[in-house]
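This is a predicted model, so every value here is computed, not measured.
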Amino acid sequence: MINIQKQIHHYNSEVSKFEAQLIAISKTKPDEDIIIAYESGQRHFGENKVQELSGKFERLPKDIKWHMVGHLQRNKIKFIANFVYLIHSVDSERLLAAIDKQARKVGRTINVLLQIHIAEEDTKSGFTVNEIDELINSPSFKSYSNVKISGLMGMATNTENKSLIRSEFKGLKDSFEKLKSEHKVLSNMDTISMGMSGDYKIALEEGSTMIRIGSSIFGSRNYAS
């Protein structure tokens, strides 16, 4: 059985060397496990399903910073708009516009990350850098006053080829710097969310400011829940 407290301390020690942030991915895990991590000092947790995220927000301590890391359907934004700390997976303008609309309704500005497709796998979604350029330069973008683009997110190819993973992470960091320098509205971006249990060390070395660790902290997930 994994010692959650030990793992939290281990990963926070790892990220502190790079001045990065650990997001403990708690999807499918019970409240009791999250409380163990919370009492170990962890405050940032990530979920990938709106219903589960909303329930945990209601039941668990209110100083937890909740991250939405999975695919987000536009019709479900309203259930998390009043509390979500950061949405990692914004992969289209339609989703960005919908988040802005719901944020305006609840009187908040919601922090988001634009997801960039960096992997060779077609199953992973996201913008290209050119598509982000087009988004920022579009007339509609100026109307999105209740979302703040805090940075970028990407997922590397699921492979044992560390050179490929490193290249993909380096590409995301390069895209981050390019977009910051070329668009004034993005000049304050400070977040690069990349790296999971199998590749987080490479991600940190290539400039990640936020890693997403789940099963290595909490153990195997219960996909039936």
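Every pair passing ring-ring contact (aromatic ring centres under 6.0 Å, His included) that includes a residue from residues 4-38 is listed here, sequence neighbours excluded: Y11-Y200. Screening residues 159-195 for ring-ring contact (aromatic ring centres under 6.0 Å, His included), with sequence neighbours left out, gives no hits.
Side-chain contact check for S26 and E47: at least one donor-acceptor pair (N or O, by modelled atom type) lies under 3.5 Å.
A donor-acceptor pair is defined here as one N or O able to donate and one able to accept, closer than 3.5 Å; no such pair exists between the side chain of K65 and the backbone of V84. R212 places a side-chain N or O within 3.5 Å of a backbone atom of S193 that can act as its donor or acceptor partner.
Within 6.0 Å of atom CZ in R59, more than 12 heavy atoms from other residues, nucleotides or ligands are found, so the atom counts as buried in its surroundings. Residue-environment remark: NZ (K162) stays at or below the threshold of 12 foreign heavy atoms within 6.0 Å. Enclosure of atom NZ in K184 is not indicated, since only 12 or fewer non-hydrogen atoms of other residues, nucleotides or ligands lie within 6.0 angstrom. Within a 6.0 Å radius of CD in E205, more than 12 heavy atoms belonging to other residues, nucleotides or ligands are found. Within a 6.0 Å radius of NZ in K170, no more than 12 heavy atoms belonging to other residues, nucleotides or ligands are found.
Legend: residues meeting side-chain contact (heavy atoms from CB on, under 4.5 Å) with F141, ordered by chain and number and at least two apart, are L96, L135, I136, S138, Y144, I149, V185. For A24, the side-chain contact (heavy atoms from CB on, under 4.5 Å) partners two or more places apart in sequence, or in a different chain, are I8, Q42, F45, I217, F218. Residues meeting the side-chain contact (heavy atoms from CB on, under 4.5 Å) test with K148, sequence neighbours left out: T109, N111, S150.
Here the closest heavy-atom approach between residue A20 and residue S208 is recorded as CB-O, 3.9 Å. Here the closest heavy-atom approach between residue N146 and residue D100 is recorded as N-OD1, 2.6 Å. Considering all non-hydrogen atoms of both residues, I35 and P61 come closest at CD1-CD, 3.9 Å. Counting all heavy atoms, side chain and backbone alike, A203 lies closest to G195 at CB-CA, 3.5 Å. In this structure, V129 and S175 approach most closely via the heavy-atom pair CG2-OG, 3.2 Å.
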Only distances under 3.5 Å count here; give the side-chain donor-acceptor pairs of residues 70-83 to other protein atoms, sequence neighbours excluded, each with its distance to 0.1 Å.
residue, atom, partner, partner atom, Å
Q73, OE1, K76, NZ, 3.2

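To the nearest 0.5 angstrom, L114 atom CG is 7.5 Å from M189 atom CE. The line from NE2 of H117 to CE of M155 is 9.0 Å long, rounded to the nearest 0.5 Å. With rounding to the nearest 0.5 angstrom, the OG atom of S167 is 9.0 Å from the CG atom of D174.
Applying side chain to side chain contact (heavy atoms under 4.5 Å, CB included) to L113 and the options V90, L86, V69, L152 leaves one that passes, L86.
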